[in-house]
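A short worksheet on the structure shown next.
Counting from 1, the numbers follow the sequence of the chain as shown. Treat the numbers as computed from the prediction; the structure is a model and nothing was measured.
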Amino acid sequence: MEYGSAVRAALAAVDEDLYTRRPDGGLVTQSTAASAITEALARLDVSPGMRVLEIGTGSGFSGALLSELAGPAGEVVSVEVMADLSARAADLHRGQGRRNVVPVVGDGLLGAPGHGRFDRVVAWARPELVPGAWAAQAVPGALLVLPVDVTARAKAGAMLRARVDADGVPHGEALFEGGYVELHAEVLDQWWIPPRGVGALVEHGATAWWLSAGWAAGDRETAERVLRELAAEGTRTPVLAQGEGPRGIAPYLYATRAEELCTVGAQGLGWGLGYADRQGAAVFTPGTGEVLHAGDGSALARLRGWAADWRGAGRPGYAELVPVLSRVGNGWRVRATM
């Protein structure tokens with residue numbers, strides 16, 4: 001998307017490598033691509049003097065950009081569960097003369113209690129629900145930009161832009177592409193196994209595989225068998241044409257097949273959307289038009305049918321998605337329609 005002049009000026013003012021690179025030149029693990037950060041910030045629409053709540057300090061690069069956007073009269077309160085990352089970013093901000101960034105170490109799901117209310121809220125980790133605390137700490141009319149689950153399947157997420165009304169209720173304005181790790185109250189030492197939603201986990205050779213499907217948690221033995229067959233005997237078959245790809249069809253599936261979807265991931269190989277039942281599984285492979293499948297062929301046929309339906313609908317994408325928020329406990333679940 002086209003970035004506004006304020007975001008371009010912030011990018012020019014911040015030394016990305018200073019924040020995202022370690023002294024040995026290696027990338028800080030908790031770094032997000034600049035293109036993803038800038039797209040989110042363009043949608044966040046921060047003006048000078050605003051107070052911004054940032055969930056996920058990471059390398060500190062996004063906080064530095066927010067500091068520039070909010071200006072000396074504004075403030076950025078940045079919450080991070082990992083104390084060492086928070087301290088590192090705070091040192092870098094001080095060294096660069098950015099005095100308007102306030103570091104907070106804690107559970108991001110709680111926001112920043114005691115720090116007042118915010119004009120903008122942005123997150124770089126994906127909660128299961130839009131947290132009630134974030135909306136409660138936002139002023140009426142505030143914008144929230146955050147990654148959200150759009151199905152009950154592991155890893156199936158998108159970015160949400162929502163506006164908070166006078167009663168503290170967020171209303172979805174748009175969904176757009178973006179993938180971030182799951183927001184978790186505790187420090188985790190690995191991310192390739194999602195911390196929620198996995199129904200089966202198996203090892204094939206040196207590679208571990210996981211499956212997330214609506215029925216899998218209640219029939220783990222069968223789910224593990226299906227997953228082993230996919231890992232050991234899976235065949236790749238072209239289903240999507242060149243230029244289509246799994247990222248292209250994903251928004252349509254989120255809106256029309258949310259309950260039927262499964263997700264499958266393998267350590268070092270990534271993850272993909274698909275369909276699985278007790279007779280087999282089929283999943284779109286990352287970055288290709290191929291489907292990895294095993295079983296009696298019905299799962300592959302299901303994905304072929306979904307692709308045909310998507311083409312028949314005109315290949316709709318994220319621009320056609322409409323977010324629907326519903327209250328669940330102390331938060332809001334997000335689903336998509338078209």
- Task: Take S326 and W332 through the test side chain to side chain donor-acceptor pair (under 3.5 Å) and record every step on the way to the result.
- Result: CA-CA 5 Å; S326 56; W332 287 268; over 6 Å; no
- Task: Carefully, step by step, assess E80 and V105 under the rule side chain to side chain contact (heavy atoms under 4.5 Å, CB included).
- Result: CA-CA 5 Å; E80 172 61 53; V105 177; 5.8 Å; no
- Task: Determine, step by step, whether E54 and W124 satisfy the side chain to side chain donor-acceptor pair (under 3.5 Å) criterion, reporting the C-alpha distance in whole Å, the side-chain angles of both residues, the deciding distance to 0.1 Å, and the verdict.
- Result: CA-CA 8 Å; E54 178 184 46; W124 311 111; 2.9 Å; yes
- Stepwise side chain to side chain contact (heavy atoms under 4.5 Å, CB included) check, I193 with L201: CA-CA 9 Å; I193 302 175; L201 180 66; 3.8 Å; yes
- Stepwise, does the side chain to side chain donor-acceptor pair (under 3.5 Å) test hold for S78 with T57? CA-CA 6 Å; S78 186; T57 301; 2.6 Å; yes
- Message: Under the criterion side chain to side chain donor-acceptor pair (under 3.5 Å), I'd like the reasoning laid out for H293 against T237: C-alpha separation, chi angles, the key distance, then a yes or no.
- Response: CA-CA 8 Å; H293 59 96; T237 299; 2.7 Å; yes
- Given the rule in the side chain to side chain contact (heavy atoms under 4.5 Å, CB included) test, do L65 and I37 qualify, once you have shown the distances and angles that lead to the verdict? CA-CA 9 Å; L65 294 174; I37 292 174; 3.7 Å; yes
- Quick one: do R94 and D91 satisfy salt bridge (charged side-chain N to carboxylate O under 4.0 Å, His left out)? Show the steps, please. CA-CA 5 Å; R94 282 193 295 270; D91 287 344; 2.2 Å; yes
- Task: Applying salt bridge (charged side-chain N to carboxylate O under 4.0 Å, His left out), run through E221 and R225 and close with a yes or a no.
- Result: CA-CA 6 Å; E221 182 177 350; R225 174 185 57 78; over 6 Å; no
- Task: For L53 and Q137, run side chain to side chain contact (heavy atoms under 4.5 Å, CB included): C-alpha distance rounded to whole Å, both residues' side-chain angles, the deciding distance at 0.1 Å, then the answer.
- Result: CA-CA 9 Å; L53 172 60; Q137 293 168 28; 4.0 Å; yes
- Could you go through the salt bridge (charged side-chain N to carboxylate O under 4.0 Å, His left out) check for R333 and D149 one step at a time? CA-CA 8 Å; R333 184 181 66 186; D149 287 355; over 6 Å; no
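Closest approach of S59 and T20 over heavy atoms only: OG-CG2, 3.7 Å. Counting all heavy atoms, side chain and backbone alike, S67 lies closest to V101 at CB-CG2, 3.7 Å. What you find for L273 and A250 is that their closest heavy atoms are CD1-CB, 3.7 Å. The shortest non-hydrogen separation linking L300 to A282 is N-CB, 3.7 Å. Summarising the geometry of G63 relative to H93, their closest heavy-atom pair is C-CE1, 4.0 Å, with the distance given to 0.1 Å. Considering all non-hydrogen atoms of both residues, R335 and A152 come closest at NH2-N, 3.6 Å.
Proximity of R21 to V28: side-chain heavy atoms (C-beta onward) are nowhere separated by under 4.5 Å. T285 places none of its side-chain heavy atoms less than 4.5 Å from the side chain of V291. Annotation: side chain of Y254 is in contact with side chain of T151 (closest heavy-atom distance under 4.5 Å). Using a 4.5 Å cut-off on side-chain heavy atoms (C-beta onward), L41 and L66 make contact. At a threshold of 4.5 Å between non-hydrogen side-chain atoms, the residues L253 and F284 count as touching. L211 is not listed as a side-chain neighbour of R153, based on a closest heavy-atom distance of 4.5 Å or more. Side chains of W310 and E244 form a contact here, defined as non-hydrogen atoms less than 4.5 Å apart. Taking the side chain as every heavy atom from C-beta outward, V164 and P140 never approach each other to under 4.5 Å.
Remark: I249 CD1 to L240 CG distance equals 5.5 Å, nearest 0.5 Å. How far CG of D277 is from CD of E260: 10.5 Å, rounded to the nearest 0.5 Å. Separation of atoms CG (D296) and CD (E229) is listed at 9.5 Å; rounding is to 0.5 Å. With rounding to the nearest 0.5 angstrom, the CG atom of L321 is 11.0 Å from the CD atom of E177. Interatomic distance, L175 CG to M159 CE, rounded to the nearest 0.5 Å: 10.0 Å. The CG atom of L227 sits 9.5 Å away from the SG atom of C262 when rounded to the nearest 0.5 Å.
Linking ILVMFWY residues whenever their side-chain heavy atoms come closer than 4.5 Å, directly or via other members, leaves V324 and L144 in distinct clusters. Linking Ile, Leu, Val, Met, Phe, Trp and Tyr whenever their side-chain heavy atoms come within less than 4.5 Å puts V145 and V7 in one cluster. L269 and V181 are not part of a single hydrophobic cluster, where members link through side-chain heavy atoms under 4.5 Å apart. W306 and L292 are assigned to two separate hydrophobic clusters, defined by single-linkage of ILVMFWY side chains at heavy-atom distances under 4.5 Å. Both F61 and Y180 are part of a single hydrophobic cluster, where members link through side-chain heavy atoms under 4.5 Å apart.
Among R117, R99, R120, R51, the one residue that satisfies the salt bridge (Lys or Arg N to Asp or Glu O under 4.0 Å) test with E75 is R51. Checked options V202, V264, T263; the residue passing with W210 is T263 (criterion: side chain to side chain contact (heavy atoms under 4.5 Å, CB included)). Each of V122, L69, D119 was compared with V46 under the side chain to side chain contact (heavy atoms under 4.5 Å, CB included) criterion, and only L69 meets it.
The side-chain tip of R161 does not point at the ring of F176 from less than 6.0 angstrom away and within 45° of straight on. Judged by the 6.0 Å and 45° rule, R302 forms a cation-pi pair with Y275.
Although no hydrogens or angles enter the test, the distance criterion places no donor-acceptor pair under 3.5 Å between the side chain of D167 and the main chain of V169. At least one donor-acceptor pair closer than 3.5 Å links the side chain of D165 to the backbone N or O of G168. One N or O on the side chain of W134 and one on the backbone of G108 form a donor-acceptor pair closer than 3.5 Å.
With salt bridges taken as basic N to acidic carboxylate O contacts below 4.0 Å, none links R43 and E173.
Other residues, nucleotides and ligands contribute more than 12 heavy atoms inside 6.0 Å of the CZ atom of R278.
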